[in-house]
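These notes are about the structure you will find just below.
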Amino acid sequence: MQRIDRVIDVAEHLGTVLAQVVPFAPESRAVASARGRVLRHPVHADVDVPGFDCSAMDGFAVRDADVAVVPATLRVIADLPAGTELDPRMDAGQAARIMTGAPVPSDATTVVPFEDTARGLAGGLDAVTIVAAPRGPGAHVRRRGSDVRKGALVVDAAVRLTAARLGAIAAAGVGTVSVSRAPRVAVVSTGSELQPAGDALRRGQIPESNSVLLAGLAEEAGAEVVLRTSVGDEGEGPRHAIAAAEAAGADVVVFSGGVSAGAYEVVKNTLGDLMRFESVRMQPGKPQGFGRTPGGILLFGLPGNPVSAAVSFELFVRPALRALEGDADLGGEAVRVALTVGRRARPERVQYVPVRVDRSDPARWTATPTAHGTRGLGDAEGLAVIPPRAHDLVAGDLVTVTLW
Ligand SMILES: Nc1nc2c(c(=O)[nH]1)N[C@H]1C(S)=C(S)[C@@H](COP(=O)(O)OP(=O)(O)OC[C@H]3O[C@@H](n4cnc5c(N)ncnc54)[C@H](O)[C@@H]3O)O[C@H]1N2
Ligand code: MOO
(Lines give C-alpha, C1' and ligand atoms only; values in the text may rest on other atoms or scores of the structure.)
(Ligands and ions follow the chains in the order given, each with its own letter.)
Protein backbone atom coordinates (compact mmCIF):
# COMPACT_ATOMS: atom_id res chain seq x y z
CA MET A 1 0.00 0.00 0.00
CA GLN A 2 1.28 3.45 -0.86
CA ARG A 3 2.01 5.64 2.14
CA ILE A 4 0.85 9.21 2.31
CA ASP A 5 4.07 10.85 3.38
CA ARG A 6 3.62 14.52 2.58
CA VAL A 7 0.98 17.22 2.40
CA ILE A 8 0.73 19.40 -0.70
CA ASP A 9 -1.00 22.67 -1.53
CA VAL A 10 -4.20 22.89 -3.56
CA ALA A 11 -2.31 24.74 -6.31
CA GLU A 12 0.26 21.97 -6.56
CA HIS A 13 -2.38 19.26 -6.92
CA LEU A 14 -4.28 21.32 -9.49
CA GLY A 15 -1.02 21.83 -11.35
CA THR A 16 -0.46 18.06 -11.45
CA VAL A 17 -3.97 17.56 -12.83
CA LEU A 18 -3.74 20.27 -15.48
CA ALA A 19 -0.32 19.06 -16.62
CA GLN A 20 -2.00 15.81 -17.73
CA VAL A 21 -4.76 17.49 -19.75
CA VAL A 22 -4.48 17.31 -23.52
CA PRO A 23 -7.16 19.59 -25.02
CA PHE A 24 -9.49 17.94 -27.56
CA ALA A 25 -8.92 18.44 -31.26
CA PRO A 26 -11.34 21.14 -32.49
CA GLU A 27 -14.29 20.05 -34.61
CA SER A 28 -16.82 21.84 -36.79
CA ARG A 29 -20.40 22.35 -35.61
CA ALA A 30 -23.43 24.14 -37.01
CA VAL A 31 -24.10 27.26 -34.94
CA ALA A 32 -27.57 25.95 -34.11
CA SER A 33 -26.09 23.02 -32.19
CA ALA A 34 -23.05 24.70 -30.63
CA ARG A 35 -24.57 26.26 -27.51
CA GLY A 36 -22.55 25.43 -24.38
CA ARG A 37 -19.47 24.35 -26.34
CA VAL A 38 -16.11 26.13 -26.13
CA LEU A 39 -15.10 28.06 -29.25
CA ARG A 40 -11.63 27.06 -30.46
CA HIS A 41 -10.97 29.52 -33.27
CA PRO A 42 -11.95 33.19 -33.34
CA VAL A 43 -15.00 34.03 -35.42
CA HIS A 44 -14.83 36.94 -37.87
CA ALA A 45 -17.84 38.40 -39.67
CA ASP A 46 -18.50 36.88 -43.09
CA VAL A 47 -20.65 39.84 -44.13
CA ASP A 48 -21.25 43.47 -43.27
CA VAL A 49 -24.05 43.89 -40.72
CA PRO A 50 -26.33 45.35 -41.90
CA GLY A 51 -25.40 44.27 -45.41
CA PHE A 52 -26.94 47.38 -47.01
CA ASP A 53 -28.22 50.76 -45.83
CA CYS A 54 -31.60 49.83 -44.38
CA SER A 55 -34.55 51.43 -42.71
CA ALA A 56 -34.78 51.36 -38.91
CA MET A 57 -38.49 52.34 -38.99
CA ASP A 58 -41.70 51.71 -40.90
CA GLY A 59 -42.40 54.92 -42.85
CA PHE A 60 -41.21 56.75 -45.94
CA ALA A 61 -37.77 57.08 -47.51
CA VAL A 62 -37.25 60.70 -48.57
CA ARG A 63 -34.62 63.15 -49.79
CA ASP A 64 -33.66 65.62 -47.06
CA ALA A 65 -34.06 68.68 -49.24
CA ASP A 66 -37.73 67.74 -49.77
CA VAL A 67 -38.57 67.80 -46.07
CA ALA A 68 -36.55 70.81 -44.95
CA VAL A 69 -39.83 72.70 -44.68
CA VAL A 70 -42.93 70.95 -43.33
CA PRO A 71 -45.65 70.14 -43.94
CA ALA A 72 -44.38 68.75 -47.26
CA THR A 73 -46.45 66.59 -49.57
CA LEU A 74 -44.49 64.07 -51.67
CA ARG A 75 -45.53 61.61 -54.38
CA VAL A 76 -45.09 57.93 -53.34
CA ILE A 77 -43.42 56.10 -56.20
CA ALA A 78 -42.65 52.70 -54.65
CA ASP A 79 -43.50 50.33 -51.81
CA LEU A 80 -40.49 48.59 -50.27
CA PRO A 81 -41.05 45.64 -47.91
CA ALA A 82 -38.16 43.95 -46.06
CA GLY A 83 -36.47 41.52 -48.42
CA THR A 84 -37.07 43.57 -51.56
CA GLU A 85 -34.30 43.91 -54.12
CA LEU A 86 -35.73 47.12 -55.57
CA ASP A 87 -33.72 50.35 -55.70
CA PRO A 88 -36.17 52.75 -57.29
CA ARG A 89 -34.90 56.02 -58.69
CA MET A 90 -36.29 58.96 -56.69
CA ASP A 91 -36.56 62.46 -58.15
CA ALA A 92 -37.21 65.67 -56.24
CA GLY A 93 -40.62 65.63 -54.55
CA GLN A 94 -40.82 61.84 -54.43
CA ALA A 95 -40.89 59.34 -51.57
CA ALA A 96 -40.95 55.54 -51.22
CA ARG A 97 -43.01 53.75 -48.60
CA ILE A 98 -40.53 51.54 -46.72
CA MET A 99 -40.70 48.93 -43.95
CA THR A 100 -38.18 48.28 -41.19
CA GLY A 101 -35.23 46.30 -42.52
CA ALA A 102 -35.83 47.11 -46.22
CA PRO A 103 -32.97 48.60 -48.29
CA VAL A 104 -33.15 52.40 -48.44
CA PRO A 105 -33.17 53.63 -52.08
CA SER A 106 -29.79 55.02 -53.17
CA ASP A 107 -31.44 58.38 -53.96
CA ALA A 108 -32.98 58.72 -50.46
CA THR A 109 -31.13 60.11 -47.45
CA THR A 110 -33.59 59.79 -44.61
CA VAL A 111 -36.54 57.77 -43.35
CA VAL A 112 -39.59 59.51 -41.87
CA PRO A 113 -41.60 57.20 -39.57
CA PHE A 114 -45.36 56.83 -40.18
CA GLU A 115 -45.95 58.67 -36.91
CA ASP A 116 -44.53 61.87 -38.50
CA THR A 117 -46.88 61.78 -41.49
CA ALA A 118 -50.39 63.20 -41.71
CA ARG A 119 -52.22 59.90 -42.17
CA GLY A 120 -49.75 57.20 -41.16
CA LEU A 121 -50.13 53.75 -42.71
CA ALA A 122 -53.71 54.65 -43.69
CA GLY A 123 -52.36 57.28 -46.06
CA GLY A 124 -52.17 54.84 -48.96
CA LEU A 125 -49.64 54.76 -51.75
CA ASP A 126 -50.37 57.89 -53.78
CA ALA A 127 -49.03 60.77 -51.73
CA VAL A 128 -47.71 61.39 -48.24
CA THR A 129 -47.68 64.57 -46.17
CA ILE A 130 -44.71 64.82 -43.84
CA VAL A 131 -45.64 66.87 -40.78
CA ALA A 132 -42.44 66.75 -38.71
CA ALA A 133 -38.97 67.44 -40.14
CA PRO A 134 -36.44 64.63 -39.57
CA ARG A 135 -33.59 65.41 -37.21
CA GLY A 136 -31.20 65.47 -40.20
CA PRO A 137 -29.68 63.45 -43.00
CA GLY A 138 -29.45 59.76 -42.17
CA ALA A 139 -32.25 59.78 -39.64
CA HIS A 140 -33.61 56.23 -39.11
CA VAL A 141 -31.19 54.78 -41.63
CA ARG A 142 -28.90 51.99 -40.41
CA ARG A 143 -25.73 52.27 -42.47
CA ARG A 144 -24.13 49.25 -44.11
CA GLY A 145 -21.52 47.77 -41.74
CA SER A 146 -22.48 50.10 -38.87
CA ASP A 147 -23.00 47.11 -36.57
CA VAL A 148 -20.12 44.85 -37.74
CA ARG A 149 -17.76 45.14 -40.72
CA LYS A 150 -16.98 42.04 -42.77
CA GLY A 151 -13.77 40.52 -41.37
CA ALA A 152 -14.13 42.08 -37.91
CA LEU A 153 -13.76 39.89 -34.80
CA VAL A 154 -17.15 38.80 -33.49
CA VAL A 155 -16.22 36.30 -30.73
CA ASP A 156 -12.70 35.41 -29.66
CA ALA A 157 -11.52 31.82 -29.10
CA ALA A 158 -11.49 29.93 -25.80
CA VAL A 159 -14.85 31.12 -24.51
CA ARG A 160 -18.00 29.10 -23.97
CA LEU A 161 -20.72 29.76 -26.53
CA THR A 162 -23.77 31.31 -24.94
CA ALA A 163 -27.00 32.01 -26.79
CA ALA A 164 -26.00 35.69 -27.10
CA ARG A 165 -22.57 34.88 -28.57
CA LEU A 166 -24.08 32.41 -31.03
CA GLY A 167 -26.71 34.97 -32.01
CA ALA A 168 -23.93 37.46 -32.81
CA ILE A 169 -22.05 34.81 -34.81
CA ALA A 170 -25.09 33.80 -36.86
CA ALA A 171 -25.97 37.47 -37.44
CA ALA A 172 -22.49 37.96 -38.88
CA GLY A 173 -23.28 35.38 -41.55
CA VAL A 174 -21.26 32.52 -40.05
CA GLY A 175 -22.98 29.13 -40.12
CA THR A 176 -20.39 26.80 -38.63
CA VAL A 177 -17.93 27.19 -35.77
CA SER A 178 -14.89 25.34 -34.54
CA VAL A 179 -15.57 23.95 -31.06
CA SER A 180 -14.60 21.22 -28.63
CA ARG A 181 -16.96 18.32 -28.15
CA ALA A 182 -18.38 17.76 -24.67
CA PRO A 183 -16.05 15.86 -22.34
CA ARG A 184 -17.35 12.34 -21.61
CA VAL A 185 -17.36 11.48 -17.92
CA ALA A 186 -17.83 8.22 -16.01
CA VAL A 187 -18.85 8.48 -12.37
CA VAL A 188 -18.00 5.56 -10.10
CA SER A 189 -19.08 5.40 -6.46
CA THR A 190 -17.26 3.02 -4.18
CA GLY A 191 -18.34 1.49 -0.89
CA SER A 192 -20.05 -1.72 0.23
CA GLU A 193 -22.39 0.35 2.40
CA LEU A 194 -24.05 2.06 -0.55
CA GLN A 195 -27.60 1.30 -1.72
CA PRO A 196 -29.47 3.06 -4.54
CA ALA A 197 -31.33 6.08 -3.16
CA GLY A 198 -34.87 5.09 -2.22
CA ASP A 199 -34.06 1.42 -1.50
CA ALA A 200 -34.65 -0.11 1.96
CA LEU A 201 -31.58 0.16 4.19
CA ARG A 202 -30.40 -2.30 6.79
CA ARG A 203 -28.11 -1.21 9.62
CA GLY A 204 -24.79 -0.08 8.20
CA GLN A 205 -26.13 0.83 4.77
CA ILE A 206 -26.61 4.37 3.43
CA PRO A 207 -28.23 5.85 0.32
CA GLU A 208 -25.77 6.27 -2.54
CA SER A 209 -25.78 9.97 -3.43
CA ASN A 210 -22.38 10.88 -4.84
CA SER A 211 -23.11 9.52 -8.30
CA VAL A 212 -26.17 11.76 -8.51
CA LEU A 213 -24.19 14.72 -7.18
CA LEU A 214 -21.07 14.24 -9.30
CA ALA A 215 -22.88 13.28 -12.51
CA GLY A 216 -25.06 16.35 -12.04
CA LEU A 217 -22.06 18.62 -11.46
CA ALA A 218 -20.40 17.15 -14.56
CA GLU A 219 -23.53 17.80 -16.63
CA GLU A 220 -23.86 21.30 -15.25
CA ALA A 221 -20.24 21.81 -16.32
CA GLY A 222 -21.21 20.87 -19.89
CA ALA A 223 -19.99 17.26 -19.86
CA GLU A 224 -21.79 14.16 -21.07
CA VAL A 225 -22.08 11.42 -18.45
CA VAL A 226 -21.48 8.11 -20.24
CA LEU A 227 -21.41 5.79 -17.21
CA ARG A 228 -22.71 5.92 -13.66
CA THR A 229 -21.98 2.92 -11.49
CA SER A 230 -21.15 1.72 -7.99
CA VAL A 231 -18.60 -0.84 -6.89
CA GLY A 232 -18.03 -2.53 -3.53
CA ASP A 233 -14.99 -2.33 -1.30
CA GLU A 234 -13.73 -5.82 -2.20
CA GLY A 235 -12.16 -7.05 -5.40
CA GLU A 236 -11.18 -5.31 -8.57
CA GLY A 237 -14.35 -3.23 -9.05
CA PRO A 238 -12.50 0.03 -9.86
CA ARG A 239 -10.41 -1.64 -12.56
CA HIS A 240 -13.54 -3.16 -14.16
CA ALA A 241 -15.19 0.26 -13.94
CA ILE A 242 -12.25 1.84 -15.80
CA ALA A 243 -12.60 -0.81 -18.53
CA ALA A 244 -16.34 -0.07 -18.79
CA ALA A 245 -15.63 3.67 -18.88
CA GLU A 246 -13.09 3.16 -21.64
CA ALA A 247 -15.61 1.10 -23.62
CA ALA A 248 -18.13 3.92 -23.19
CA GLY A 249 -15.62 6.41 -24.60
CA ALA A 250 -14.97 8.27 -21.35
CA ASP A 251 -12.29 10.97 -21.17
CA VAL A 252 -12.52 11.21 -17.39
CA VAL A 253 -13.41 8.78 -14.59
CA VAL A 254 -14.47 10.31 -11.28
CA PHE A 255 -14.29 7.86 -8.39
CA SER A 256 -15.60 8.80 -4.98
CA GLY A 257 -14.69 7.10 -1.72
CA GLY A 258 -11.98 4.64 -0.93
CA VAL A 259 -9.03 7.02 -0.96
CA SER A 260 -8.12 7.66 2.68
CA ALA A 261 -6.33 5.63 5.34
CA GLY A 262 -8.70 2.78 6.25
CA ALA A 263 -8.45 -0.96 5.68
CA TYR A 264 -10.91 -1.10 2.75
CA GLU A 265 -9.85 1.83 0.58
CA VAL A 266 -10.69 0.12 -2.68
CA VAL A 267 -9.61 2.86 -5.08
CA LYS A 268 -6.31 3.38 -3.34
CA ASN A 269 -5.67 -0.32 -2.80
CA THR A 270 -6.38 -1.44 -6.37
CA LEU A 271 -5.27 1.48 -8.56
CA GLY A 272 -1.89 2.31 -7.07
CA ASP A 273 -0.23 1.62 -10.40
CA LEU A 274 -2.39 4.19 -12.21
CA MET A 275 -3.00 6.87 -9.60
CA ARG A 276 -1.08 8.84 -7.05
CA PHE A 277 -2.67 9.50 -3.69
CA GLU A 278 -1.93 12.74 -1.93
CA SER A 279 -2.83 14.64 1.18
CA VAL A 280 -3.87 18.14 0.14
CA ARG A 281 -3.79 21.07 2.54
CA MET A 282 -7.54 21.63 2.38
CA GLN A 283 -10.66 21.10 4.48
CA PRO A 284 -12.71 19.20 3.42
CA GLY A 285 -11.15 17.07 0.72
CA LYS A 286 -7.75 16.26 2.17
CA PRO A 287 -7.27 12.81 0.58
CA GLN A 288 -7.06 13.07 -3.23
CA GLY A 289 -6.14 10.57 -5.89
CA PHE A 290 -5.25 11.40 -9.46
CA GLY A 291 -3.79 9.61 -12.44
CA ARG A 292 -4.05 8.76 -16.09
CA THR A 293 -4.54 5.47 -17.90
CA PRO A 294 -2.07 4.50 -20.63
CA GLY A 295 -4.91 5.35 -23.06
CA GLY A 296 -5.10 8.90 -21.66
CA ILE A 297 -8.24 8.75 -19.49
CA LEU A 298 -7.96 11.09 -16.50
CA LEU A 299 -8.70 9.35 -13.21
CA PHE A 300 -9.88 11.29 -10.17
CA GLY A 301 -10.14 9.67 -6.75
CA LEU A 302 -12.26 12.05 -4.68
CA PRO A 303 -13.01 11.52 -0.99
CA GLY A 304 -16.34 9.83 -0.32
CA ASN A 305 -17.91 12.28 2.05
CA PRO A 306 -20.43 14.10 -0.21
CA VAL A 307 -19.36 17.61 0.81
CA SER A 308 -15.70 16.66 0.32
CA ALA A 309 -16.58 15.17 -3.08
CA ALA A 310 -18.43 18.33 -4.16
CA VAL A 311 -15.59 20.61 -3.04
CA SER A 312 -13.03 18.38 -4.75
CA PHE A 313 -15.05 18.43 -7.98
CA GLU A 314 -15.06 22.25 -7.96
CA LEU A 315 -11.34 22.50 -7.27
CA PHE A 316 -9.94 19.80 -9.52
CA VAL A 317 -12.47 18.12 -11.83
CA ARG A 318 -14.23 21.20 -13.16
CA PRO A 319 -10.97 22.97 -14.15
CA ALA A 320 -9.80 19.75 -15.85
CA LEU A 321 -13.05 19.48 -17.83
CA ARG A 322 -12.70 23.11 -18.89
CA ALA A 323 -9.07 22.63 -19.86
CA LEU A 324 -9.98 19.57 -21.98
CA GLU A 325 -12.37 21.82 -23.87
CA GLY A 326 -9.78 24.57 -24.30
CA ASP A 327 -11.68 27.03 -22.12
CA ALA A 328 -9.45 29.95 -21.08
CA ASP A 329 -11.46 30.36 -17.88
CA LEU A 330 -10.76 27.50 -15.50
CA GLY A 331 -12.23 28.95 -12.33
CA GLY A 332 -15.74 29.72 -11.18
CA GLU A 333 -17.11 33.24 -10.79
CA ALA A 334 -15.66 34.70 -7.58
CA VAL A 335 -16.93 37.58 -5.45
CA ARG A 336 -15.64 39.25 -2.28
CA VAL A 337 -18.35 39.32 0.38
CA ALA A 338 -18.66 39.83 4.12
CA LEU A 339 -19.22 36.88 6.43
CA THR A 340 -22.28 37.27 8.66
CA VAL A 341 -20.77 35.11 11.41
CA GLY A 342 -17.31 34.39 12.79
CA ARG A 343 -15.39 31.28 11.84
CA ARG A 344 -12.55 29.34 13.42
CA ALA A 345 -9.34 29.68 11.49
CA ARG A 346 -7.14 26.72 10.61
CA PRO A 347 -3.48 27.62 10.44
CA GLU A 348 -2.50 24.65 8.28
CA ARG A 349 -5.33 24.14 5.74
CA VAL A 350 -7.45 26.23 3.41
CA GLN A 351 -11.12 25.81 4.27
CA TYR A 352 -13.91 25.63 1.71
CA VAL A 353 -17.16 26.46 3.41
CA PRO A 354 -20.53 25.99 1.67
CA VAL A 355 -22.42 29.29 2.05
CA ARG A 356 -25.64 30.99 1.14
CA VAL A 357 -25.15 34.40 -0.44
CA ASP A 358 -27.53 37.22 0.46
CA ARG A 359 -27.68 39.61 -2.51
CA SER A 360 -30.51 41.83 -1.21
CA ASP A 361 -28.15 44.82 -0.74
CA PRO A 362 -26.32 45.07 -4.09
CA ALA A 363 -23.61 47.18 -2.46
CA ARG A 364 -22.90 44.63 0.23
CA TRP A 365 -23.48 40.95 -0.43
CA THR A 366 -23.01 38.69 2.56
CA ALA A 367 -22.22 35.01 3.03
CA THR A 368 -23.59 32.72 5.71
CA PRO A 369 -22.28 29.17 6.15
CA THR A 370 -24.97 26.54 5.66
CA ALA A 371 -25.58 23.65 8.01
CA HIS A 372 -22.96 20.95 8.18
CA GLY A 373 -23.35 17.97 5.83
CA THR A 374 -25.41 17.12 2.77
CA ARG A 375 -28.48 19.13 3.78
CA GLY A 376 -26.30 22.25 4.06
CA LEU A 377 -24.66 21.43 0.73
CA GLY A 378 -28.12 21.44 -0.83
CA ASP A 379 -28.70 24.93 0.57
CA ALA A 380 -25.38 26.37 -0.57
CA GLU A 381 -24.90 28.80 -3.44
CA GLY A 382 -21.12 28.82 -3.39
CA LEU A 383 -17.97 28.04 -1.47
CA ALA A 384 -16.29 30.57 0.80
CA VAL A 385 -12.52 30.20 0.59
CA ILE A 386 -10.77 30.72 3.90
CA PRO A 387 -6.99 30.61 3.51
CA PRO A 388 -4.84 29.19 6.31
CA ARG A 389 -4.51 31.83 9.01
CA ALA A 390 -3.70 32.13 12.66
CA HIS A 391 -6.57 34.35 13.79
CA ASP A 392 -10.24 33.43 13.78
CA LEU A 393 -12.56 35.35 11.44
CA VAL A 394 -15.20 37.63 12.87
CA ALA A 395 -18.54 38.72 11.42
CA GLY A 396 -17.91 41.37 8.78
CA ASP A 397 -14.59 39.95 7.60
CA LEU A 398 -14.35 39.76 3.82
CA VAL A 399 -13.95 36.39 2.14
CA THR A 400 -13.82 35.21 -1.47
CA VAL A 401 -16.82 33.13 -2.49
CA THR A 402 -16.78 31.03 -5.66
CA LEU A 403 -20.34 30.84 -6.86
CA TRP A 404 -21.64 27.47 -8.12
N1 LIG B 1 -7.38 7.44 9.90
C2 LIG B 1 -7.84 8.32 9.01
N3 LIG B 1 -9.11 8.28 8.65
C4 LIG B 1 -9.60 9.17 7.79
C5 LIG B 1 -8.75 10.16 7.25
C6 LIG B 1 -7.41 10.18 7.60
O7 LIG B 1 -6.62 11.01 7.17
N8 LIG B 1 -6.99 9.24 8.49
N9 LIG B 1 -9.28 11.09 6.44
C10 LIG B 1 -10.68 11.40 6.63
C11 LIG B 1 -11.11 12.29 5.64
S12 LIG B 1 -10.58 13.88 5.76
C13 LIG B 1 -12.01 11.92 4.68
S14 LIG B 1 -12.59 13.09 3.58
C15 LIG B 1 -12.49 10.58 4.54
C16 LIG B 1 -12.43 10.18 3.07
O17 LIG B 1 -12.45 8.86 2.99
P18 LIG B 1 -12.68 8.05 1.68
O19 LIG B 1 -12.52 8.85 0.49
O20 LIG B 1 -11.87 6.84 1.76
O21 LIG B 1 -14.23 7.80 1.71
P22 LIG B 1 -15.05 6.66 2.36
O23 LIG B 1 -14.42 6.22 3.60
O24 LIG B 1 -15.31 5.66 1.31
O25 LIG B 1 -16.36 7.46 2.67
C26 LIG B 1 -16.39 8.54 3.53
C27 LIG B 1 -17.85 8.78 3.94
O28 LIG B 1 -18.62 9.11 2.79
C29 LIG B 1 -19.65 8.20 2.60
N30 LIG B 1 -19.81 7.93 1.17
C31 LIG B 1 -18.88 7.38 0.39
N32 LIG B 1 -19.33 7.25 -0.86
C33 LIG B 1 -20.58 7.72 -0.87
C34 LIG B 1 -21.57 7.85 -1.88
N35 LIG B 1 -21.36 7.45 -3.12
N36 LIG B 1 -22.76 8.37 -1.55
C37 LIG B 1 -22.98 8.77 -0.27
N38 LIG B 1 -22.07 8.71 0.71
C39 LIG B 1 -20.90 8.17 0.44
C40 LIG B 1 -19.22 6.96 3.33
O41 LIG B 1 -20.27 6.13 3.67
C42 LIG B 1 -18.49 7.54 4.49
O43 LIG B 1 -19.42 7.90 5.48
O44 LIG B 1 -11.77 9.69 5.33
C45 LIG B 1 -11.55 10.15 6.68
N46 LIG B 1 -10.92 9.12 7.43
O1 MOO C 1 -10.72 16.00 3.90
MO2 MOO C 1 -12.05 15.27 4.69
O3 MOO C 1 -12.75 15.78 3.24
O4 MOO C 1 -11.90 16.64 5.78
O5 MOO C 1 -13.62 15.18 5.37
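Counting convention: from 1, in listed order, for ligands and their atoms alike.
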* Asked: Going by distance only, is there an N or O of Ser308 that falls short of 3.5 Å from an N or O of ligand 1?
  -> no
Going by the 4.0 angstrom heavy-atom rule, the piece of Pro207 near ligand 1 is backbone
Which of Lys150, Arg144, Arg143 passes side chain to side chain donor-acceptor pair (under 3.5 Å) with Asp48? It is Arg144
Atoms of ligand 1 under 4.0 Å from any heavy atom of Ser189, numbered from 1 in the order shown, are 35 (N)
Side chains of Thr162 and Arg35, donor plus acceptor under 3.5 Å: no
Within 4.0 Å of some non-hydrogen atom of Glu265, the atoms of ligand 1 are 20 (O)
Decide whether Asp58 and Thr100 meet the rule of one side-chain donor and one side-chain acceptor closer than 3.5 Å. yes
*asked:* Taking the six-membered ring of Phe24 as reference, does the cationic atom of Arg181 (NZ for Lys, CZ for Arg) lie under 6.0 Å from its centre and within 45° of its axis?
replied: yes
Please tell me if atom 10 (C) of ligand 1 is touched by the protein, where touching means a protein heavy-atom distance below 4.0 Å.
no
With only distance considered, is Gly258 within less than 3.5 Å of ligand 1 through an N or O on each side?
yes
Could you list each nitrogen or oxygen of ligand 2 that sits under 3.5 Å from a protein nitrogen or oxygen, with the atom names and the distance?
residue  : atom  : partner : partner atom : Å
ligand 2 : 1 (O) : Gly285  : N            : 2.7
ligand 2 : 1 (O) : Lys286  : N            : 2.5
ligand 2 : 3 (O) : Gly285  : N            : 2.4
ligand 2 : 3 (O) : Ser308  : OG           : 2.6
ligand 2 : 4 (O) : Gln283  : OE1          : 3.4
ligand 2 : 5 (O) : Ser308  : OG           : 3.4

The side-chain contact (heavy atoms from CB on, under 4.5 Å) partners of Asp273 (sequence neighbours excluded) come to Arg239
closest protein heavy atom to atom 37 (C) of ligand 1 is Ser209 OG, 3.4 Å
shortest atom 45 (C) of ligand 1-to-protein heavy-atom contact is with Ser260 OG, 4.0 Å
Restricting to heavy atoms, the pick from Gly304, Ser312, Ser230 nearest atom 30 (N) of ligand 1 would be Gly304
Of Thr190, Asn210, Val188, Asp233, the residue with the heavy atom nearest atom 33 (C) of ligand 1 is Asn210
For atom 26 (C) of ligand 1, the closest protein heavy atom turns out to be Asn305 N, 3.6 Å
If we number the atoms of ligand 1 from 1 as shown, the ones under 4.0 Å from a heavy atom of Ala261 are 1 (N), 2 (C), 8 (N)
The residue among Val31, Val43, Leu166 that forms side-chain contact (heavy atoms from CB on, under 4.5 Å) with Leu161 is Leu166
So side chain to side chain donor-acceptor pair (under 3.5 Å) across residues 13-26, not counting sequence neighbours, yields none
Taking only non-hydrogen atoms of Pro303 and a 4.0 Å limit, the atoms of ligand 1 in range are 14 (S), 16 (C), 19 (O)
- From CA spacing to verdict: salt bridge (Lys or Arg N to Asp or Glu O under 4.0 Å), Glu348, Arg389: CA-CA 7 Å; Glu348 79 302 350; Arg389 48 183 277 161; over 6 Å; no
One finds that the ligand 1 atoms under 4.0 Å from a non-hydrogen atom of Val259 are 18 (P), 19 (O), 20 (O)
Next on the checklist: With a 4.5 Å cut-off on side-chain heavy atoms, are Val159 and Val38 touching?
Outcome noted: no
Do Ser211 and Arg228 have side-chain atoms, one donor and one acceptor, less than 3.5 Å apart?
yes
Apply salt bridge (Lys or Arg N to Asp or Glu O under 4.0 Å) to the pair Glu325 and Arg160, showing each step before the final yes or no. CA-CA 9 Å; Glu325 293 188 82; Arg160 204 166 286 276; 2.9 Å; yes
Taking only non-hydrogen atoms of Glu208 and a 4.0 Å limit, the atoms of ligand 1 in range are 34 (C), 35 (N), 36 (N)
Does this structure show an ion pair linking Glu27 with Arg37, if we count only N-O contacts that are shorter than 4.0 Å?
no
Proximity of Phe60 and Phe114 rings by center, below 6.0 Å = yes
Nearest non-hydrogen protein atom to atom 13 (C) of ligand 1, with distance, is Pro287 CG, 4.0 Å
side-chain contact (heavy atoms from CB on, under 4.5 Å) filter on Val341, not counting sequence neighbours, yields Pro369
Closest to atom 7 (O) of ligand 1 by heavy-atom distance, out of Glu193, Lys286, Lys268, is Lys286
Check your understanding: Are any of the side-chain nitrogens in Arg6 or Glu12 under 4.0 Å away from the carboxylate oxygens of its partner?
Key -> yes
Requested in this report: Determine, using heavy atoms of Gly301 and all atoms of ligand 1, whether some pair is separated by less than 4.0 Å.
Outcome: no
Here the atoms of ligand 1 under 4.0 Å from any heavy atom belonging to Ile206 are 37 (C), 38 (N), 39 (C), 41 (O)
